[in-house]
Amino acid sequence: MEVLAFIEETEPHEGEYDDFDDFMKKTKDNYHKVAVNCWIAAALYVVTLGLSFMCIKKSKAMDLKAAEKIRDDEIFCKERAKRS
């Protein structure tokens, strides 16, 4: 997609082109580079999202285990106190 919003990022600098056809070729090449960079950035966002999701899930599991251990310890201590 060649939108006007990216023209400042994609147009070649003065002197980097010889004629209009060369200007258009270099501009299209630069649009392609911008598109590749966008896909790379999107992939990195997806990887970051996946890692964040895994970390949150693991943290919740660890919290549940800790809470369960505390409950088990409290029950054990209450039953032991009743026996004494």
Side-chain angles (χ1 to χ4, degrees):
M1 180 183 296
E2 298 172 4
V3 293
L4 191 59
F6 295 130
I7 193 68
E8 289 181 9
E9 297 177 23
T10 59
E11 71 178 348
H13 298 291
E14 189 82 27
E16 290 185 358
Y17 52 91
D18 300 324
D19 56 3
F20 181 74
D21 291 331
D22 191 35
F23 173 81
M24 290 305 293
K25 181 184 179 304
K26 289 188 180 192
T27 301
K28 287 184 186 245
D29 289 344
N30 290 342
Y31 267 113
H32 178 72
K33 289 177 187 174
V34 168
V36 169
N37 288 342
C38 286
W39 279 107
I40 291 170
L44 290 173
Y45 279 122
V46 169
V47 168
T48 303
L49 178 68
L51 288 173
S52 297
F53 178 75
M54 286 178 8
C55 288
I56 289 170
K57 201 140 170 88
K58 183 161 177 93
S59 175
K60 285 184 179 181
M62 288 174 61
D63 288 345
L64 286 174
K65 278 186 178 179
E68 186 176 317
K69 186 176 189 292
I70 289 173
R71 269 186 269 131
D72 287 345
D73 287 347
E74 288 176 355
I75 292 170
F76 176 76
C77 291
K78 286 179 183 177
E79 287 177 1
R80 193 165 195 191
K82 287 180 184 177
R83 289 185 204 155
S84 300

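All residue numbers refer to positions in the sequence shown, counting from 1. Any value given below was found using the heavy atoms of this structure, including those in side chains, with hydrogens, waters and symmetry copies removed.
Tracing side-chain contacts under 4.5 Å through hydrophobic residues (I, L, V, M, F, W, Y), one reaches Y17 starting from F20; they form part of the same cluster. In the hydrophobic cluster analysis, where Ile, Leu, Val, Met, Phe, Trp and Tyr join through side-chain heavy atoms closer than 4.5 angstrom, M62 is grouped apart from M54.
With values rounded to the nearest 0.5 angstrom, D22 atom CG is found 9.0 Å from T27 atom OG1.
Pairs passing the side chain to side chain donor-acceptor pair (under 3.5 Å) check and including a residue from residues 32-60, sequence neighbours excluded, do not occur.
K25 is linked by a salt bridge (Lys or Arg N to Asp or Glu O under 4.0 Å) to D29, counting only residues two or more places apart in sequence or in another chain.
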